[in-house]
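Below, all heavy atoms of this structure are taken into account, side chains as well, without hydrogens, waters or symmetry copies.
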Amino acid sequence: MTTSLPNLPSQYDPATAEAKWQQLWEANEVFKADPNHPGEPYCIVIPPPNVTGSLHMGHAFEHSLIDVLVRYHRMLGRNTLWLPGTDHASIAVSTILDKELKAQKKKRQDVGREAYLKRAWEWKEESGGTIVGQLRRLGLSVDWSRERFTLDEGLSEAVLEAFIKLYDEALIYRGKYLVNWCPATQSAVSDLEVDNQEVNGHLWHFRYPLTDGSGYIEVVTTRPETMLGDTAVAVNPNDHRYKAFVGKTLTLPLVGRQIPIIADDYVDSTFGTGCVKVTPAHDPNDFEMGKRHNLPFINIMNKDGSLNENAGAFQGQDRFVARKNVVAQLDAEGFLVKIEDYKHTVPYSDRGKVPVEPLLSTQWFVKIRPMADQTLEFLDQQHSPAFVPDRWTKVYRDWLVSLRDWCISRQLWWGHQIPAWYAVNETGGEITDDTPFVVARNEAEAKEKAIAQFGADVQLVQDPDVLDTWFSSGLWPFSTLGWLENSDDFKRYYPTTTLVTGFDIIFFWVARMTMMAGHFTGKMPFQTVYIHGLVRDENNKKMSKSSNNGIDPLLLINKYGTDALRYTLIREVAGAGQDIRLEYNRKTDESPTVEASRNFTNKLWNASRFVLMNIGSGEAEGAGEAGEAGEAGEAGGGHQDSFHPLSFILHPSPPHTPHPTPHTLELADRWILSRFHQVTQQTRDQIDNFGLGEAAKGLYEFIWGDFCDWYIELVKPRLQGDDAESKQTVQQVLVFVLEGILKLLHPFTPHITEEIWHTLTQAGDDRYLALQPYPEPDANLIDPELEQQFELLIGTIRTIRNLRAEAEIKPAVKVTAILQTESDREQHILTAGQAYIKDLGKVETLTITTINDAAQVDRDATQAIAGVVGTVQVVIPLAGVVDLGAQRTKIERDLKRVEAEIQALSGRLSNPGFVNKAPADVVESARATLAEAEKQAEILRDRLGKL
């Protein structure tokens, strides 16, 4: 009976393989979780991207990291769930729809809420799936059957229940508070929706006269128009310059209002004049001072950014127009002292693209302190959740300590409408700051409650505002798992295992999830928070829309493949939480680092082809270049009759693939198996400790270096030889290590490893590499001493190759090599591996000798080239191998040319006219060329000296 050997195409096609496996994984529900299955649960809920979003490099980085963890733990046998979903993105969707209406010269109020929301849902169905489709391109092992959307029915019910419970517990209230207000969108915005931009502004110095006429106080401000709402001037109580003024009053210019001089520790006496104007209704710090000193809160601004009736003569003016006019009037009346240039940070609305205005507004708030204090207890008493890296624990804790009440209402229509109904008949048919209300699950319940309070004729209007998107996102880890119904998923997978996210939303999302989860479930929502860094551009700058320096991951996927991009992003991480830099040429849309990872996948593909072509019983195929990064040669397509090296993986004995028979192993076999098990242990340890970048780099070095460049090259003679038993051993080791490599690498590059594994194992449609057990290290096969010995052998071969290249010895010419060492141990190692040295170094005659015997060797090698590896001297006699005279002449000619170039470049760079007048890049290029030429000259002189 004969069996056809498997085969791989000559070239790997990422686009075809990736689309194929993404479709098969999803169609066959390979990643569908089952709470009834055995295994310790491992659950991650996806950080939900905005439904309006498109895949950016931050998404690609974050989700690649998560997928490594999820695939790894799935292969460890854990009951794994990665739950996907998207956020409804209230502000982003509203911005899109409002722009559509603006193009029609309409506002949302013109079309009405019902029609507006109908269009919003239509938009979601038409365009909202873009980000989900792009996430699929990454090959994520999520359970798509459990995909959630923050506005879907189940999550909306969870939001409603959470709001009502918090309200009933007096943890949600409606009141006046200072909020970030966007005049462009006319909505409150969260801190996360604010983009702090550094701007070139001014410091205006004004005189505020003392009411008693005895002098004045000089104040400094960056927002002159707000002085119309000043209700005090503050100084530091320890500032001796102003102690005598505390308690006196000032007359506010342009307004005539008398305001007190107060003492408050908040004031920095070193900034400006040490006197701070206090506008409690328009500055968060002033707001707190206003509460401490019981000051009046005077709002001077309308919601559209214009000034209101409290601004007097400036009423109706836009805030920035009013700024100029207020300064002009103060100058005219003699109150302006001076204006200084001042660079400072101004908060801009991320969506409205205008500076936000701290505005006193009636909104809905969550009373944060009780929830934050409970969360602090989890952190301080149980160290829950744990942060990786640990340095973020303090940042998280400091944030919890300083949290203020959270404004959760947004003046938008797309989102979870606030479940409050106002009895408008009590306030003239309109919703005012004082209109009484009821909170209920639906209109019918609200009507019942309102009738009981206000009588049968009550007129109810639901609050038009929606909840901050972060409110529903704060429930995400448990609402998505069926918290309300206490589902099987919730009981099995909650708390989740790990949250992977960026440091920039620790405060805004992580803290809100932990507070909500602690309150509603009595548990932290995840055991560990892994904080990753940023993907920076080729100039090591943060990618941002404002800088227009983003790199499109889909472009790189189309050019190099998903696996190449994923592997690059992970391999570049040098320590958990560190930023990475992505090399990128914007002129050609090419990335050298991603290209290097593409070359790595090609290397793996060609090595796999070599293995598959050389597992038959006949002559070894494609042996010439199979270990190289290029083509492996044509597939053998052979047959075999009795021995099949794949038999132990085609029909494995559960649960793990057995090793080749130990007694048949030769030195190189034992070395590669030791390295394999060492790397297996190393990789597992690193992933377990979130060292994903280190794990990726270690696998790269093992696969490219140890397996492809060395082991495959070392065993080619045995594959081509006549020793059947030795050949079978090599075939078994090759297949065993290759399959292990595919398993080790699968979490990082899932598509190519799945493709090769199916060809290698001839697995059917019901078996997937993604579901195979992750390799386990066998300590009995790890031999550190042997690995150390092989380092000497590999170093010796590499030195011989370098010397051959330096002496320009033709590849086909075999040489004599002499290895000198004073160590008996090294001599023993070199002797044991001399067959490898002769074969890979293309050595005809090899002499291994101690230093004591070196005299005769030196007499035989008076014309030679030498190098050193460790304490071993490697000598290659050149007589009869190269024409020394011709080589010397060539080197002298090259050296003369390089020295002439050095002289010319040195002359240009010593000329002040060139250095001072030429473009900087031209001068820098000349310096770089000179440095390279000097390095070449040094190498040539060294080679000439050796000859």
Side-chain angles (χ1 to χ4, degrees), residues 603-604 606-608 610-615 620-628 632 645 648 657-680 701-741 744 775 777-778 780-801 817 819 825-843 846 848 869-870 872:
K603 183 87 168 182
L604 175 65
N606 290 326
S608 301
F610 174 81
V611 172
L612 289 167
M613 290 188 297
N614 287 280
I615 55 177
E621 301 285 345
E625 301 295 330
E628 306 300 326
F648 60 96
T657 303
H659 294 287
T661 309
H663 74 272
T664 64
L665 297 175
E666 297 185 17
L667 190 65
D669 306 327
R670 289 191 289 110
W671 168 73
I672 197 64
L673 289 172
S674 177
R675 291 292 304 126
F676 170 75
H677 288 286
Q678 187 78 267
V679 168
T680 297
E701 293 165 2
F702 170 70
I703 295 167
W704 188 299
D706 295 343
F707 184 67
C708 295
D709 281 355
W710 290 107
Y711 182 69
I712 284 178
E713 294 298 319
L714 288 167
V715 300
K716 281 178 181 177
R718 291 162 64 191
L719 290 169
Q720 297 166 328
D722 298 325
D723 188 334
E725 184 178 24
S726 178
K727 182 185 298 184
Q728 288 180 8
T729 298
V730 170
Q731 290 170 329
Q732 285 187 316
V733 172
L734 282 169
V735 171
F736 173 82
V737 175
L738 176 59
E739 196 208 13
I741 283 171
L744 288 172
D778 186 339
N780 295 322
L781 291 176
I782 297 176
D783 189 341
E785 174 64 21
L786 176 62
E787 292 185 29
Q788 190 176 15
Q789 293 172 11
F790 246 83
E791 286 181 12
L792 178 62
L793 292 176
I794 289 172
T796 301
I797 295 168
R798 187 178 285 121
T799 301
I800 291 174
R801 287 175 168 177
L819 308 180
R825 174 181 171 277
E826 287 182 343
Q827 187 175 19
H828 174 76
I829 294 169
L830 295 170
T831 301
Q834 61 182 320
Y836 302 138
I837 297 170
K838 293 177 70 175
D839 184 62
L840 297 190
K842 294 186 178 179
V843 174
L846 179 66
I848 302 170
V869 53
V872 176

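Salt-bridge formation is detected for the pair Asp709/Lys603: a Lys NZ or Arg NE/NH1/NH2 atom is positioned less than 4.0 Å from an Asp or Glu carboxylate oxygen.
For residues 827-836, no pair satisfies salt bridge (Lys or Arg N to Asp or Glu O under 4.0 Å), with sequence neighbours left out.
With sequence neighbours excluded, no residue forms a salt bridge (charged side-chain N to carboxylate O under 4.0 Å, His left out) with Asp783. Under the rule for a side chain to side chain contact (heavy atoms under 4.5 Å, CB included), the partners of Glu826 that lie at least two apart in sequence or sit in another chain are Leu792, Thr821, Ser823, Thr871, Val872. Residues meeting the side chain to side chain contact (heavy atoms under 4.5 Å, CB included) test with Thr680, sequence neighbours left out: Phe676, Arg684, Leu744, Pro775, Pro777. Checked against side chain to side chain contact (heavy atoms under 4.5 Å, CB included), Gln788 has the following partners two or more places apart in sequence or in another chain: Glu785, Arg825. Under the side chain to side chain contact (heavy atoms under 4.5 Å, CB included) criterion, Arg798 pairs with Trp710, Ile794, Asn802, sequence neighbours left out.
One distance of note links CG of Leu819 with CD of Gln827; it measures 10.0 Å at 0.5 Å rounding. Rounding to the nearest 0.5 Å gives a distance of 6.5 Å between CD of Gln731 and CG of Leu719. To the nearest 0.5 Å, atoms OH (Tyr836) and CG (Leu714) are separated by 6.5 Å. A distance of 9.5 Å separates CD in Glu791 from CH2 in Trp671, rounded to the nearest 0.5 Å.
Residues Leu830 and Leu846 form no side-chain contact, since every pair of their non-hydrogen atoms from C-beta on lies 4.5 Å or further apart. Between Leu734 and Ile712 the shortest side-chain heavy-atom distance falls below 4.5 Å. In this structure, Ile829 and Phe790 have side chains that are not in contact, with every pair of non-hydrogen atoms separated by 4.5 Å or more. Proximity of Asp706 to Tyr711: side-chain heavy atoms (C-beta onward) are nowhere separated by under 4.5 Å. Taking the side chain as every heavy atom from C-beta outward, Asp669 and Phe736 never approach each other to under 4.5 Å. In this structure, Leu604 and Trp704 have side chains that are not in contact, with every pair of non-hydrogen atoms separated by 4.5 Å or more. In this structure the side chain of Ile741 never reaches within 4.5 angstrom of the side chain of Val679, judged on heavy atoms. Side-chain contact check for Phe702 versus Ile672: some heavy-atom pair is nearer than 4.5 Å.
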- Would Arg675 and Val737 satisfy side chain to side chain contact (heavy atoms under 4.5 Å, CB included), going step by step from the backbone distance to the final call? CA-CA 10 Å; Arg675 291 292 304 126; Val737 175; over 6 Å; no
- Item | side chain to side chain donor-acceptor pair (under 3.5 Å) assessment of Ser726 paired with Glu666 | CA-CA 8 Å; Ser726 178; Glu666 297 185 17; 2.9 Å; yes
- Message: side chain to side chain contact (heavy atoms under 4.5 Å, CB included), that's the test. Do Arg718 and Asp723 meet it? Break it down for me.
- Response: CA-CA 7 Å; Arg718 291 162 64 191; Asp723 188 334; over 6 Å; no
- Message: The test is side chain to side chain contact (heavy atoms under 4.5 Å, CB included); show your working for Ser674 and Leu781 and say whether it passes.
- Response: CA-CA 5 Å; Ser674 177; Leu781 291 176; 6.0 Å; no
- With side chain to side chain contact (heavy atoms under 4.5 Å, CB included) as the test, would you mind laying out the steps for Ile837 and Leu840 before giving the verdict? CA-CA 6 Å; Ile837 297 170; Leu840 297 190; over 6 Å; no
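Minimum interatomic distance between Ser608 and Leu738 (heavy atoms only, all atoms of both residues): OG-CD1, 3.5 Å.
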